[in-house]
Amino acid sequence: MSYSPSEIENKWQKTWSETGAFEPLDDKNLDKKYILSMFPFPSGRLHMGHVRNYSIGDAMARYYRKQNYNVLHPIGWDAFGMPAENAAIKHGRHPKDWTYSNIAYMRKELKTLGLSFSETREFATCDELYTKWEQEFIIKMFEEKLLYRESTTVNWCEECHTVLANEQVEEGCCWRCDNEVELKEMPGYYLDIRKYADELLDDLKILEGKWPSQVLTMQSNWVGKSQGLEFNFKLSSASKEKLDNKFEEFEVFTTRPDTIYGVTYTALAPEHAIVKALIKNELLSTEVAEKITAMSNMTEVERAKAGKEGYDLGISVIHPLTGLEVPVWIANFVLASYGGGAVMSVPAHDERDFEFATQYDLPISYVIEGGEEGSAYTAEGILMNSAELDGVKNTEAKAAVIKLFEEKALGKGTTNYKLRNWGISRQRYWGAPIPFVHCDACGLVPEKVENLPIALPEDVEITGEGNPLENHPTWKHTACPKCGKDAVRETDTLDTFVQSSWYQFRYATHPDKWNSCGIDKEDVNYWLGVDQYIGGIEHAILHLLYARFFTKALRDVGFIDDLKEPFENLLTQGMVLMDGAKMSKSKGNTVDPDALIEKYGADTARLFTLFAAPPQKELEWNDSAVEGAFRFIKKLYDRKSKVTVNELPNIEQSSLTKEEKIARAKVYDALKKSVDVYEKTFAFNTLIAACMEALNALDKQDNELVWSEGLYIITHLLEPIIPHVCAELSEELFESKNLKGKIAILDEVFVQDTLTLGVAINGKRRAEIEVDAGAQKEDVIAMAKESVAKWLEDKNVVKEILVPKKMVNLVVK
RNA sequence: GCGGAUGUGGUGAAAUUGGUAUACACGCCAGACUUAGGAUCUGGUGCUUUACGGCGUGGAGGUUCGAGUCCUCUCAUCCGCACCA
C-alpha cells in the first residue's frame with residue numbers, strides 16, 4: 001500500500017487524543033521537562049511562523065516523552081487585544097464571539113499538525129476564570145505598593161486609541177500599528193518594574209549560555225544601568241530673584257564627574273519646572289517661549305530628527321567647585337524623563353555638548369590632555385585645568401570627585417536606569433478590566449477579592465470612538481467596596497502583556513485547581529522553570545522582560561515560592577521568509593498551512609520546516625524542497641517491505657559485506673548524533689540529513705537484518721519530527737517497541753576494515769589511498785608516497801604527518 | 001554613532017579539538033521506464049582548462065606541516081538601541 005498521509009495522520013491523531021497520550025502525569029517524583037512554545041494570538045488562522053514554532057517545540061517534547069520524562073507541553077491563547085476590537089469595528093462581530101470562534105478553528109488546525117499538546121491544560125487569557133486570578137494579583141500588587149496610579153505624560157497612539165508602554169514604542173511609532181506616537185498627559189496605572197532593575201540585570205547572569213547572547217544584551221541595554229554623580233547647581237542670587245525665590249537649585253546627573261572642571265554651561269529639558277516658571281512669569285521673549293512650547297509638544301524621536309536646538313534662559317548657576325557663574329540654557333536634546341531633566345555640559349569631552357556649544361558659540365574648556373581643538377575628546381587621559389585634580393588619570397578622578405562631593409555634602413554617587421515603570425493601562429474594551437473603583441470619599445479603592453472577576457459587559461457597542469466601557473450606560477456605576485456609597489469603576493483595561501507574564505504558571509497549575517487558585521505553588525515548584533522556551537526574537541524585550549519581572553513580583557507578593565527565572569533556556573527561532581521577505585498577507589507571499597497539510601500531510605510540513613534550516617536561522621520557503629521532503633517520507637514508508645524482524649536484531653558484524661557495514665555505520669552515526677541535536681544544538685536539519693544518508697546507504701545493500709535494524713532506529717529517531725508516519729511504521733513493523741526508551745550505541749559498527757585517507761603535499765590534497773584499518777604508520781606513509789610519486793620527483797620529503805583515520809600530509813622541498 | 005550577528009556552489013545549507021571544503025536536499029544536465037510526465041528510478045553536477053593543471057569558504061595580511069575554523073586589519077549585509085549626559 002502506498003503512503004497516504006491523511007489516512008495515517010487521522011488515525012494517529014484520533015488515537016493520541018483518545019488515549020490522552022500527551023497529558024502530563026501527576027506524580028511529582030518523576031523527572032520532568034516543561035517544554036513551552038509561545039502561545040499564539042487567535043487571529044483566525046495559523047501561519048507558517050506558528051508551524052515552525054510548534055514543530056520545534058513538539059520535537060523536543062516528544063523526544064523527552066520518549067525518554068520517559070514527565071512532559072508538560074501546553075498550549076493556550078493570548079486572546080485579548082486590539083485585533084478583536086478592530087474586527088468588531090470592521091465586521092460588526094463581537095470580540096468575544098470573534099475570538100472564541102477563531103480559537104475553535106485554530107485548535108483544529110493545530111490538531112491536524114499532530115502536535116503533542118496537553119488538551120486538559122488549554123485556556124484562553126480572555127476566559128473569565130483567568131481574568132479573575134489576574135485581578136487578584138493586581139490588587140495584591142497594589143496593596144504591596146508595586147502598583148500605583150499617577151498622571152504623567154504618556155505615549156498615545158491615536159490609531160489604537162490607547163496608551164502605550166515605553167517598550168511598545170518602536171522608533172517613535174506604535175509597535176502594533178506603526179502609527180506615530182503622540183504625547184499626552186493622562187492618569188494611568190504603573191507597575192514598579194524599576195524596583196527590580198538591579199535584579200533583572202543581575203539575574204541575566206543565570207541565563208548566560210542558556211539564552212541567546214543578543215537577547216541578554218538587549219535586556220541589559222534596556223535596563224540601562226549607569227553609575228555617576230548626582231548634585232545640585234545653586235542658582236545665582238540674581239537668578240533666584242528672577243524666579244521669585246521659588247527655586248534654589250536644580251539637580252543634575254553625570255557619568256563623567258571627572259570632567260566637572262570643564263563645565264561651561266548647563267542645560268534643562270523643555271519640560272523642566274524652572275523653564276515652566278520662566279515662561280509663566282513672562283521672563284522669556286514671546287518668540288522663545290513659543291519655540292519652547294513647540295519643543296515640548298514633540299516626541300523624543302521628533303526632537304532627535306529636528307536636530308539640536310536651544311535658547312539661553314538668561315539665568316545662571318554657581319559651579320559647586322569653582323564658584324564661577326555658569327549660564328543655563330534650554331536644550332531639546334535633554335530628556336525630561338532621565339536624571340532630573342537637567343545636565344551639566346562639558347563640550348570639550350562630550351559629543352552632544354560639543355555640537356551644541358559650537359552651534360551656539362558657547363565656550364569650550366578642555367580638562368583632559370590629548371584632545372585637540374575642533375572636536376570633543378571622549379577618550380581616557382590625564383586631567384588638566386582641574387585645580388587639585390591636575391595630573392590624575394580621569395578614570396581614577398571619577399571616584400575622587402564623587403568622594404569630594406560627598407565629603408563637602410555637595411552631592412552623592414548614584415545609579416541611574418533607563419528602564420521606566422511599566423504603564424499597564426489601556427483605554428480599550430477587549431482586555432482584563434483593572435479592578436479598581438473611584439470613590440469620592442475613599443479615593444482609589446481596589447475591588448473586594450470575593451467580587452472577582454470584574455468581567456466585561458457583553459452588551460457593548462464598538463465603534464472605534466472612545467472606550468466602550470466608558471460609554472456603557474450602567475457597567476461603571478457601582479458601590480464603593482469600602483464605604484458602600486455610589487462610586488465609579490475604572491474603565492481602563494490591562495495591557496495584554498500582563499496576561500502573557502504569568503501564563504507559564506497557569507499551565508503548570510493542575511486544572512483541577514483552576515477554580516480555587518490562580519497559581520498552585522507546589523505545582524509550580526515541580527514544573528518550573530520552563531526547561532525550554534521557544535519563540536520569536538521580536539519578544540526579546542517586551543514579553544520576556546515583563547514575564548521575568550512579573551515572576552519576581554509574584555514571588556514578592558507571595559503567589560509563588562522562590563523562583564529566580566521562569567524560562568531556563570530560550571530558543572529564538574528565525575522568521576519564515578518567502579523570496580527573501582517576511583511572509584505577510586499584505587505582500588501576498590504567504591503559504592497556507594491548511595493547504596500544505598491537505599496536499600502533503602502534516603509530517604511533510606514538519607519535516608520541511610525542520611530540514612530547510614537550523615531553527616535559529618531564517619527559513620526560506622521553497623515549494624520544490626517541500627516536494628523533496630515528501631519524497632523522502634514516501635521512500636521511508638515504501639522501505640517497510642524490507643523489514644523482516646519485529647525487534648532490534650542481533651547482527652554478527654564480522655559476517656557483513658562492506659556495503660552492509662557502511663549502512664550500519666551510517667544508521668548508528670545518526671543515532672549517535674541525535675542526542676546532541678535533541679538536547680543541545682537543536683540542529684534538526686543535520687539529524688534529518690544523517691537519517692537520509694542512512695537510508696541511502698541502506699538502499700545500497702540488501703541484508704534483511706541490517707534493514708530491520710536500520711528502520712527500527714531511523715523511525716525511532718525521526719518520530720519526534722514526523723510522528724504520524726513513524727508511529728504507523730513502528731506499529732506495523734515493530735509493535736511500537738522502538739518508540740519508548742533509548743537505543744544503545746554499538747561501538748563495533750564503527751570499526752571499518754579499511755580506511756580511506758587523503759594524501760596531501762604541503763597541505764594540498766593530491767590523492768586518496770585505501771589502507772587496512774590496522775596498518776602500521778610506515779606502511780601507510782609508503783603507500784601515500786607511492787600514490788603521489790609524480791609530485792615527489794626531484795623533491796625531498798622533510799616531514800611526514802599522519803592524522804589518524806583522516807589523512808597524510810607530506811612536507812616537501 | 002554604539003552594540004550584536006552573519007558572509008561557504010545556481011539555491012537552502014554541512015563540516016568535534018585547526019586535519020580530505022561543499023555532507024544532505026533543492027535546482028540543473030544526461031539516461032532508463034513510459035502514450036505522456038510536473039510520476040518514478042539511475043548517473044553526473046564548485047569555478048576554470050582541450051588536457052596536465054590552476055583557482056576556490058566576502059577581501060588583504062599573519063600564525064601553522066596544515067586555516068571555513070585561530071590572530072590583525074578591512075568590506076558588505078542584517079538586526080537591536082538610538083541625544084540616557
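Chain letters run A, B, ... following the sequence lines, proteins first, then strands; residues in each count from 1. Since this is a predicted model, take the numbers as computed values, not measurements.
Atom pair Trp222(A):CH2 and G3(B):C1' shows a separation of 15 Å (rounding to whole Å applied). Between the CZ atom of Arg639(A) and the C1' atom of U40(B) there is a distance of 11 Å, rounded to whole Å. For the pair Ile541(A) CD1 and G4(B) P, the interatomic distance rounds to 15 Å; values are reported in whole Å. Rounded to whole Å, atom C1' of G1(B) lies 14 Å from atom CG of Asn221(A). In this structure, the CG atom of Leu335(A) is 16 Å from the P atom of C81(B), given to the nearest Å. The CE atom of Met575(A) sits 14 Å away from the C1' atom of U6(B) (whole-angstrom rounding). Computed from coordinates, the Tyr338(A) OH to A82(B) P distance equals 14 Å when rounded to whole Å. Protein atom CD of Gln219(A) is 12 Å distant from nucleotide atom C1' of G80(B), rounded to whole Å.
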Summarise protein proximity over nucleotides 12-32 of chain B in one line of letters, 5' to 3': B for base, S for sugar-phosphate only, - for none, counting protein heavy atoms closer than 4.0 Å. BSS----BBS-BBSSS-----

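With a glycosidic angle further than 90° from 0, G10(B) counts as anti.
Tyr600(A) and Glu598(A) share no donor-acceptor pair across their side chains, judged by distance under 3.5 Å alone. No hydrogens or angles considered: nothing links the side chains of Asp676(A) and Ser674(A) as a donor-acceptor pair under 3.5 Å.
In this pair, Trp329(A) and Tyr265(A) present their aromatic rings perpendicular. The plane angle is above 60°, beyond the 30 to 60° band. Between Phe333(A) and Phe356(A), the ring planes lie perpendicular to each other; the angle is over 60°, past the 30° to 60° tilted range. Aromatic ring pairs are classed by plane angle as parallel below 30°, tilted from 30° to 60° and perpendicular above 60°; the pair Tyr637(A) and Tyr3(A) is tilted.
The separation of A5(B) from G9(B), taken at their P atoms, amounts to 22 Å, rounded to a whole angstrom. U34(B) sits 15 Å from U42(B) when the C1' atoms are compared, rounded to a whole Å. Comparing C28(B) with G46(B), their C1' atoms are spaced 14 Å from each other, to the whole Å. Comparing C73(B) with G66(B), their P atoms sit 23 Å apart, to the nearest whole Å. With both ends at atom P, the span from G68(B) to U8(B) equals 15 Å, rounded to whole Å. Spacing of P atoms, U11(B) relative to U20(B), comes out at 24 Å, to the nearest Å. For the P atoms, the distance linking G58(B) with G7(B) amounts to 8 Å, nearest Å. Spacing of P atoms, C78(B) relative to C29(B), comes out at 33 Å, to the nearest Å.
Side-chain proximity of Arg766(A) to the nucleotides U40(B), C83(B), G54(B) is greatest for G54(B).
Screening residues 796-811 of chain A for salt bridge (charged side-chain N to carboxylate O under 4.0 Å, His left out), with sequence neighbours left out, gives Lys785(A)-Glu800(A).
At a threshold of 4.0 Å, the pair Asp198(A)-Lys225(A) counts as salt-bridged, since one of the basic side-chain nitrogens sits closer than that to a carboxylate oxygen.
In secondary-structure terms, RNA chain B builds stems of at least 3 consecutive Watson-Crick or G-U pairs, each pair having both distances under 3.5 Å, at B:1-7 with B:75-81, B:10-12 with B:24-26, B:27-32 with B:40-45, B:46-48 with B:53-55, B:58-62 with B:70-74.
Among residues two or more places apart in sequence or in another chain, the salt bridge (charged side-chain N to carboxylate O under 4.0 Å, His left out) test is passed with Arg194(A) by none. Take Glu770(A) and apply the side-chain hydrogen bond (donor to acceptor under 3.5 Å, both in side chains) test, not counting sequence neighbours, and it matches Thr754(A). In terms of the side-chain hydrogen bond (donor to acceptor under 3.5 Å, both in side chains) criterion, Asn762(A) has no residue partners (sequence neighbours excluded).
Projected onto RNA chain B by closest heavy-atom contact, Met218(A) and Thr254(A) fall at different nucleotides, the more 5' of which corresponds to Met218(A). Nearest-nucleotide assignment on RNA chain B puts the 5′-proximal partner with Thr217(A), out of Thr217(A) and Asp350(A).
Heavy atoms of Lys305(A) sit nowhere under 4.0 angstrom from any nucleic acid atom. As judged by a 4.0 angstrom heavy-atom cut-off over every strand, Val334(A) is placed among the base-contacting residues. Nucleic acid contact class of Glu355(A) (heavy atoms, under 4.0 Å, all strands): none.
Within 6.0 Å of NZ on Lys635(A) lie more than 12 heavy atoms contributed by other residues, nucleotides or ligands.
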